[in-house]
J.: 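Before I ask anything, here is the structure I am working with.
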Amino acid sequence: MEFSAKQIADMVQGRVEGNPDTLIHTFSKIEQGEEGSISFISNPKYAHYIYETKASIVLVNEDFKLERPVAPTLIRVKNAYETVAQLLQLYESMKPKKNGIDPLAFVSPKATIGENCYIGPFAYIGDGVNIGKGTQIYPNAYIGDGVTLGDECIIYPHAVVYHGCKLGNRVIMHSGSVVGADGFGFAPGANGYDKIPQIGIVTIEDDVEIGANTCIDRSTMGSTVVHRGVKLDNLVQLAHNTEVGEHTVMSSQVGVAGSTKIGSWCMFGGQVGISGHITIGDKVWFGAQSGVPGSVKSDQKLIGTPPMEQVPYFKSQAIFRRLPDMYKRLCALEKEIETLKKEQS
């Protein structure tokens, strides 16, 4: 499918600079641009590529300044990064969707399947499952008894939803992700650890995306809750009875211990570790590998273990690298002081 620069500019309320009839049919990175593709520049460090790229159209910010003429047609927009995201979403929505139930899938006669759904080969749909319209369930996915899936969900191959869990509309589960496995609950006994049954569920609200091999555990009682708009990267772990606020995002290998409450619009970098039974406020930012042992109030940008504000943290790290030299100097000063004391006595 081809689009002209003018058509794209009309879609995104941009302004064409160059040939409005330039056609594109795919996307490319600016440094790997090819004829017939559209690319973008939002980070100034990539600006030099615009003078050598072979991309036919390039999205740029309204205030982007050229140092010399360029070959591509430009479309100036308020925010090039946000605009290319919109175009990619549009491109994805135009892909044809599969429909129907493959004869190799198992669908319980007690399940309810909405209109225009796809259920691939070797997928399993248990008793009492309720699936909304337009949902796509790919091969080898497992949907346990009593699960509710909303409209237009995408469940990729080998994703698993355990019994009784509830997923809203437009939820995406990538391959290997697991919703509703038992929480890590054990009580020490005379002969080892006794398992505490996890009789709760997991509730996932609308527009949540769950990365590959990410696990969200069911609660001991009640529900583990992931509120709408949350985005979880690959290999994230949410323990039992946790609650994650709206539009919070977590990078790979974040681990959240049980019964922790996390606010809305938070951002956690890779390998952040959150202790259990604490509360994290709204709009909290944790840098990569931060360890969080206690509750944190809203509107903070923190990093480290225990986390601290960014500027003091980086100053501390600069001092930390100098500690061996500082230690040598301290030992030398101690010896000098001891020598002076002996001379004065």
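Along the sequence shown, residues are numbered consecutively beginning with 1.
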J.: Tell me whether the centres of the aromatic rings in Y138 and Y118 are closer together than 6.0 Å.
T.: yes
J.: So does A5 get a backbone contact from the side chain of T22, meaning a donor-acceptor N/O pair under 3.5 Å?
T.: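 No: the side chain of T22 does not pair with the backbone of A5.
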J.: Do T148 and V129 have side chains that get closer than 4.5 Å, going by heavy atoms?
T.: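 No, their side chains stay 4.5 Å or more apart.
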J.: Say whether, by atom type as modelled, one donor and one acceptor occur between the side chain of Q13 and the main chain of D10 under 3.5 angstrom.
T.: no
J.: Are F320 and M326 co-members of a hydrophobic cluster defined by side-chain heavy atoms under 4.5 Å apart?
T.: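 As far as the 4.5 Å side-chain criterion goes, F320 and M326 are connected within one cluster.
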J.: Would a distance-only check, ignoring hydrogens and angles, find a side-chain to backbone donor-acceptor pair under 3.5 Å from D102 to F122?
T.: no
J.: Just wondering, do H163 and R218 contact through their side chains at under 4.5 Å, heavy atoms?
T.: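 Sidechains of H163 and R218: in contact.
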J.: Tell me whether the centres of the aromatic rings in F186 and F184 are closer together than 6.0 Å.
T.: yes
J.: Kindly indicate, with the supporting measurements, whether the criterion side-chain contact (heavy atoms from CB on, under 4.5 Å) is fulfilled by N43 and I41.
T.: CA-CA 6 Å; N43 190 325; I41 291 175; over 6 Å; no
J.: With distance as the sole test, does S290 use its side chain to make a donor-acceptor pair with the main-chain N or O of G304 at under 3.5 Å?
T.: yes
J.: If we ignore angles and hydrogens, is there a donor and acceptor under 3.5 Å between the side chains of E35 and S56?
T.: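 Note: E35 and S56 side chains miss the donor-acceptor criterion.
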J.: With a 4.0 Å cut-off on N to O distance, would you call E17 and R76 a salt bridge?
T.: yes
J.: Should the pair H174 and Y156 be assigned to parallel (<30°), tilted (30 to 60°) or perpendicular (>60°) ring geometry?
T.: parallel
J.: Does L74 form a side-chain contact (heavy atoms from CB on, under 4.5 Å) with I50? I'd like the steps, not just the answer.
T.: CA-CA 10 Å; L74 304 184; I50 200 169; 3.7 Å; yes
J.: Answer with yes or no whether the side chains of H158 and S175 bring together a donor and an acceptor at under 3.5 Å.
T.: no
J.: Is there side-chain contact between V58 and I30, with heavy atoms separated by less than 4.5 Å?
T.: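 Heavy-atom side-chain distance check passes, below 4.5 Å.
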J.: Do T248 side-chain atoms and G263 backbone N/O form a donor-acceptor pair below 3.5 Å?
T.: yes
J.: Evaluate the side-chain proximity of V292 to I278: yes if any heavy-atom separation is below 4.5 Å, no if none is.
T.: yes
J.: Tell me whether I113 is reachable from L167 by hopping between hydrophobic residues (I, L, V, M, F, W, Y) whose side-chain heavy atoms are closer than 4.5 Å.
T.: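 Yes, L167 connects to I113 through the hydrophobic network.
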J.: Does the side chain of I196 come within less than 4.5 Å of T220's, by heavy atoms?
T.: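 Yes - at least one pair of side-chain heavy atoms lies under 4.5 Å apart.
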J.: Under 4.5 Å between side-chain heavy atoms, counting indirect links through other Ile/Leu/Val/Met/Phe/Trp/Tyr residues: same cluster for V254 and V296 or not?
T.: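 Yes; V296 is reachable from V254 via cluster members.
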J.: Is it true that atom CE of M11 has more than 12 heavy atoms of other residues, nucleotides or ligands lying nearer than 6.0 Å?
T.: yes
J.: Decide yes or no on salt bridge (charged side-chain N to carboxylate O under 4.0 Å, His left out) for K195 and D182, but give the supporting numbers first.
T.: CA-CA 10 Å; K195 183 176 177 62; D182 282 356; 3.0 Å; yes
J.: Report yes if the side chains of D207 and N169 come closer than 4.5 Å at any heavy-atom pair, otherwise no.
T.: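 They are not in contact (no side-chain heavy atoms under 4.5 Å apart), so the answer is no.
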J.: Can you confirm whether more than 12 heavy atoms, excluding those of K315, are under 6.0 Å from its NZ atom?
T.: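 Atom NZ in K315 is not packed in, count stays at 12 or less.
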J.: Before giving the answer on side-chain contact (heavy atoms from CB on, under 4.5 Å), spell out for V244 and M250 the whole-Å C-alpha distance, their side-chain angles and the decisive distance to 0.1 Å.
T.: CA-CA 10 Å; V244 181; M250 299 183 186; 4.0 Å; yes
J.: With a cut-off of 6.0 Å (strictly less than), are more than 12 heavy atoms of other residues, nucleotides or ligands near CD of E115?
T.: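 Counting neighbours around CD of E115, 12 or fewer heavy atoms of other residues, nucleotides or ligands fall under 6.0 Å, so no.
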J.: For the atom pair CG (L235) and OG (S251), what is the distance rounded to the nearest 0.5 Å?
T.: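 Rounded to the nearest 0.5 Å, the CG-OG separation comes out at 12.0 Å.
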J.: More than 12 foreign heavy atoms under 6.0 Å from CD of Q7: is that the case here?
T.: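 Yes, enclosed.
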J.: For V178 and A181, which heavy atoms make the closest approach, and how far apart are they?
T.: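 Residues V178 and A181, closest heavy atoms: CG1-CB, 3.9 Å.
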J.: If you apply the rule side chain to side chain donor-acceptor pair (under 3.5 Å), what do you find for H247 with S264, and how did you get there?
T.: CA-CA 6 Å; H247 305 296; S264 60; over 6 Å; no
J.: I'd like to know if the side chain of N61 and the backbone of D63 have a donor-acceptor N/O pair within less than 3.5 Å.
T.: no
J.: Answer yes if V202 and I262 sit in the same cluster of Ile, Leu, Val, Met, Phe, Trp and Tyr residues linked by side chain heavy atoms under 4.5 Å apart, and no otherwise.
T.: yes
J.: Take atom NZ of K261 as the centre, draw a 6.0 Å sphere, and report whether it contains more than 12 heavy atoms from other residues, nucleotides or ligands.
T.: yes
J.: Specify the closest pair of heavy atoms between S28 and S37, including all atoms of both residues, with the distance to one decimal.
T.: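 Reported closest heavy-atom pair: OG-OG, 2.8 Å.
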J.: Parallel, tilted or perpendicular: which describes the rings of F27 and Y91, with under 30° parallel and over 60° perpendicular?
T.: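 Perpendicular, since the angle between the ring planes exceeds 60°.
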J.: Kindly check if the number of other-residue, nucleotide or ligand heavy atoms within 6.0 Å of OH (Y81) is above 12?
T.: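 Open.
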J.: Taking V160 as the starting point, is it possible to reach I137 by hopping between hydrophobic residues whose side chains are less than 4.5 Å apart?
T.: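 As far as the 4.5 Å side-chain criterion goes, V160 and I137 are not connected within one cluster.
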J.: Using a 6.0 Å cut-off, check whether atom CE of M308 has over 12 heavy atoms from anything other than its own residue.
T.: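 Check passes, neighbour count above 12.
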J.: Calculate, to the nearest 0.5 Å, the distance between atoms OG1 and NE2 belonging to T242 and H277 respectively.
T.: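 Output value for this atom pair is 11.0 Å.
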J.: Which heavy atom in S39 sits nearest to a heavy atom in A55, and how many Å separate them?
T.: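 Result for this residue pair: CB-CB, 4.1 Å.
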J.: Might you point out which heavy atoms bring S42 and P44 nearest each other, and give the distance in Å?
T.: O-CD, 3.7 Å
J.: Any chance the side chains of E205 and H227 put a donor and an acceptor closer than 3.5 Å?
T.: yes
J.: Between Q136 and K98, is there a donor-acceptor pair closer than 3.5 Å when you use the side chain of the first and the backbone of the second?
T.: yes
J.: What I'd like to find out is whether the side chain of L232 reaches to under 4.5 Å of the side chain of V249, using heavy atoms alone.
T.: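 In short, these two side chains do not touch, never coming nearer than 4.5 Å.
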J.: Would you confirm whether S252, through its side chain, and V236, through its main-chain N or O, come within 3.5 Å as a donor-acceptor pair?
T.: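 A pair under 3.5 Å: no.
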J.: Just checking, is any N or O donor in the side chain of Q237 or D217 under 3.5 Å from an acceptor N or O on the other one?
T.: yes
J.: Using only atom types and a distance under 3.5 Å, with no angle test, would you say the side chain of N130 pairs donor to acceptor with the backbone of A111?
T.: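 Here the side-chain-to-backbone pair does not exist.
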J.: So, taking the atom named NZ in K301 and the one named CZ in F286, what distance separates them when rounded to the nearest 0.5 Å?
T.: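 Reported to 0.5 Å precision, the distance equals 13.5 Å.
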J.: Could you grab the distance from atom CD1 of I210 to atom CD1 of I204, nearest 0.5 Å is fine?
T.: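 Rounded to the nearest 0.5 Å, the CD1-CD1 separation comes out at 4.5 Å.
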J.: State plainly whether the residues R228 and E246 are in salt-bridge range, i.e. N to O under 4.0 Å.
T.: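 Judged by the 4.0 Å cut-off on N to carboxylate O distance, R228 and E246 do form a salt bridge.
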J.: Nearest 0.5 angstrom please: L23 CG to H25 NE2, how far?
T.: 10.5 Å
J.: Minimum heavy-atom separation for S295 to T279, with atom names?
T.: OG-N, 3.0 Å
J.: Main chain of G132, side chain of D151: is a donor-acceptor contact present, judged purely on distance under 3.5 Å?
T.: no
J.: Is any side-chain heavy atom of I75 less than 4.5 Å from a side-chain heavy atom of I8?
T.: yes
J.: Indicate whether the side chain of S223 and that of T203 have a donor and an acceptor atom separated by less than 3.5 Å.
T.: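 Indeed, the side chains of S223 and T203 share at least one donor-acceptor pair under 3.5 Å.
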J.: Looking at every heavy atom in both A257 and T260, which two are closest together, and how far apart are they?
T.: O-OG1, 3.3 Å
J.: One pair to check against side-chain contact (heavy atoms from CB on, under 4.5 Å): I337 and K341. What are the steps and the verdict?
T.: CA-CA 6 Å; I337 290 171; K341 285 181 177 179; 3.8 Å; yes
J.: Are more than 12 heavy atoms, taken from residues, nucleotides or ligands other than K231, located less than 6.0 Å from that residue's NZ atom?
T.: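 Count over threshold, so yes.
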J.: Which distance, rounded to the nearest 0.5 Å, do you find between the OH of Y46 and the CZ of F40?
T.: 9.0 Å
